[in-house]
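One structure below.
No hydrogens, no waters, no symmetry mates; every other heavy atom, side chains included, goes into these values. The chains referred to below are lettered A, B, ... by the order of the sequence lines, with proteins before strands, and numbering in each begins at 1.
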There are 2 protein chains.
Amino acid sequence: MSTVRGARERARIEVTAAIKDEARRMLAAEGAAKLSLRAVARELGMVSSALYRYFPSRDELLTALIVDAYDSVGAAAEQADARAHAGGAAPRERWTAVCEAVRAWALDHPHEYALIYGSPVPGYSAPADTIAPASRVGNTLIGIVRAAHAGRGLALPPLPAALRPEAVRMTADFAEGLPPEVTAALVAAWAQLVGLISFELFGQFNRVVEDRAAFFAHAADQLAHAVGLPAV
Amino acid sequence: MSTVRGARERARIEVTAAIKDEARRMLAAEGAAKLSLRAVARELGMVSSALYRYFPSRDELLTALIVDAYDSVGAAAEQADARAHAGGAAPRERWTAVCEAVRAWALDHPHEYALIYGSPVPGYSAPADTIAPASRVGNTLIGIVRAAHAGRGLALPPLPAALRPEAVRMTADFAEGLPPEVTAALVAAWAQLVGLISFELFGQFNRVVEDRAAFFAHAADQLAHAVGLPAV
DNA sequence: TCCAAAACAAGAGCACTGCTCTCTGGATGG
DNA sequence: CCATCCAGAGAGCAGTGCTCTTGTTTTGGA
């Protein structure tokens with residue numbers, strides 16, 4: 001597998017990593033719009049054309065950063081859940097812990113957040129290798145709700161007939177075992193959570209919400225309620 | 001006021017409008033990233049430097065388009081509400097009508113939507129002249145909830161102590177007369193609504209939600225419930 | 001009516017971008 | 001040992017936002 005073939009391979013993965021690191025630095029500093037291949041190359045002491053041996057285009061570099069960002073926020077969410085779980089937290093507390101972790105990650109990495117949850121940059125690109133990392137946070141939330149359901153069951157109002165087949169399909173696809181109402185509520189809650197964070201991060205709460213932490217905490221708790229997690 | 005001073009003034013506002021129109025066309029066709037001053041000038045048969053007499057920079061042009069986009073979606077929301085209101089709809093129906101109108105506008109104007117609710121393009125810019133147009137949709141939703149409150153009153157669970165002062169302040173600032181719990185729920189619901197639309201538009205629902213219309217309809221209805229609007 | 005001032009358009013140019021091509025020197029592996 | 005491959009260099013193309021200078025036209029006051 002990862003047998004170190006030779007100096008050449010080693011150098012290649014090293015340079016690739018250096019490029020990504022530098023690019024991530026620039027992304028964090030200035031945002032995706034200001035990230036330029038030439039600047040990255042300049043900073044690394046190479047010429048811009050040499051960089052194309054490692055990434056076929058600027059968009060490919062961005063895609064690599066996108067995957068990393070998904071993994072980063074996914075890891076943050078999973079760790080927060082694991083910590084809460086280990087501390088014997090109830091499902092509702094685990095839920096809010098994950099929500100807070102995602103928000104904290106977003107505030108810490110605003111440009112990376114914008115890259116993955118803001119407007120898609122190049123027309124739009126969702127290569128196959130992004131879909132697994134992209135679902136880590138969602139899967140974490142599913143895990144929490146599933147645990148709660150296994151614990152004492154979740155009761156939500158019944159779905160409208162028009163949505164029922166879709167909710168059943170979604171459940172079969174990625175939330176096996178959950179009541180369809182819960183699956184639908186969960187997916188909506190996940191989108192809504194990102195909406196809350198985006199509004200805060202993208203300036204939509206300017207002159208509207210001042211105490212963002214308190215506001216978010218309450219909204220996240222209400223979201224937990226909306227997916228049927230019992231209050232502690 | 002708008003007394004036509006002379007041929008010069010007239011020409012100026014005409015050219016300004018032509019520039020914005022062409023820019024909007026390009027925005028709709030290719031997205032904000034591909035909108036270039038030079039291309040606009042080329043299409044209009046002028047040289048790029050001449051364009052700087054009308055807009056001091058590319059960002060200023062984009063800001064003008066942002067304001068227009070806010071006005072466009074705001075008008076769509078207001079019209080949908082007016083239609084529902086005229087048809088004798090209950091508050092909850094007015095609410096979902098506005099939600100559907102915003103979603104429909106977004107699907108019709110994806111790049112303009114991305115411009116206003118996606119990641120802010122230049123670092124970030126929220127000039128003073130954008131804040132009024134930006135609040136039209138929000139104000140429409142406030143109006144609906146206010147009417148419902150005046151009608152029979154809205155009852156929501158009490159706020160956590162940590163959020164109460166903030167909710168009271170928000171109420172005094174832009175939602176006079178509403179119970180603070182409702183104000184807080186309303187602001188959250190607005191952000192969450194945009195989160196739902198963004199997920200759909202930005203591809204986050206790919207391989208997750210298929211029947212987006214049914215899904216959204218249910219989510220919007222649940223949002224109405226979350227702000228305390230009684231079911232019809 | 002005439003003329004200075006202001007507004008406008010055009011062109012050249014700067015510094016930057018992504019990306020392609022060709023060429024060279026050195027490591028790789030048969 | 002030597003042919004092969006490949007990383008890097010350099011030049012160059014087409015495009016970008018923006019500035020500065022140079023003519024030209026319109027305007028409003030004396």
Could you give the [atom1]-to-[atom2] distance, from [X] to [N], as a whole number of Å?
{"X": "A:L62", "N": "C:dG18", "atom1": "CG", "atom2": "C1'", "value": "12 Å"}
{"X": "B:L61", "N": "D:dT16", "atom1": "CG", "atom2": "P", "value": "14 Å"}
{"X": "B:E14", "N": "C:dA7", "atom1": "CD", "atom2": "C1'", "value": "17 Å"}
{"X": "B:Y52", "N": "D:dC20", "atom1": "OH", "atom2": "P", "value": "12 Å"}
{"X": "A:L51", "N": "C:dC19", "atom1": "CG", "atom2": "P", "value": "11 Å"}
{"X": "A:F55", "N": "C:dG18", "atom1": "CZ", "atom2": "P", "value": "14 Å"}
{"X": "A:I19", "N": "C:dG18", "atom1": "CD1", "atom2": "C1'", "value": "15 Å"}
{"X": "A:E30", "N": "C:dT17", "atom1": "CD", "atom2": "P", "value": "12 Å"}

Which parts of nucleotides 9-15 of chain D does protein reach within less than 4.0 Å, heavy atoms only, written one letter per nucleotide 5' to 3' as B for base, S for sugar-phosphate only and - for none? BB-B---
OP1, OP2 of D:dT16 versus side-chain N and O of B:R58: anything below 4.0 Å?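 So the side-chain polar atoms of B:R58 never come under 4.0 Å of the phosphate oxygens OP1 or OP2 of D:dT16.
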Looking at D:dA7, C:dT20, C:dA9, which one has an atom nearest to any side-chain atom of A:Y54?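 Within the option list, the nearest is D:dA7.
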Base, sugar-phosphate, or nothing for B:L35, non-hydrogen atoms under 4.0 angstrom?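 Counting heavy atoms under 4.0 Å across all strands, the contact made by B:L35 is with sugar-phosphate only.
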What heavy-atom pair brings B:P180 and B:T171 nearest, and what distance separates the two atoms?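 Residues B:P180 and B:T171, closest heavy atoms: CA-OG1, 3.6 Å.
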Salt bridge check: are [X] and [Y] linked by an N-O gap of less than 4.0 Å?
{"X": "B:R25", "Y": "B:E22", "answer": "yes"}
{"X": "A:E176", "Y": "A:R146", "answer": "no"}
{"X": "A:D173", "Y": "A:R169", "answer": "yes"}

So, taking the atom named SG in A:C99 and the one named CZ in A:F216, what distance separates them when rounded to the nearest 0.5 Å?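 It is 5.0 Å, given to the nearest 0.5 Å.
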What's the spacing between B:T130 OG1 and B:I116 CD1 if we round to 0.5 Å?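 Going from the OG1 atom of B:T130 to the CD1 atom of B:I116 covers 10.5 Å.
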B:R24 and B:E112: salt bridge (charged side-chain N to carboxylate O under 4.0 Å, His left out), yes or no, with the steps? CA-CA 9 Å; B:R24 199 184 347 264; B:E112 271 145 292; 5.2 Å; no
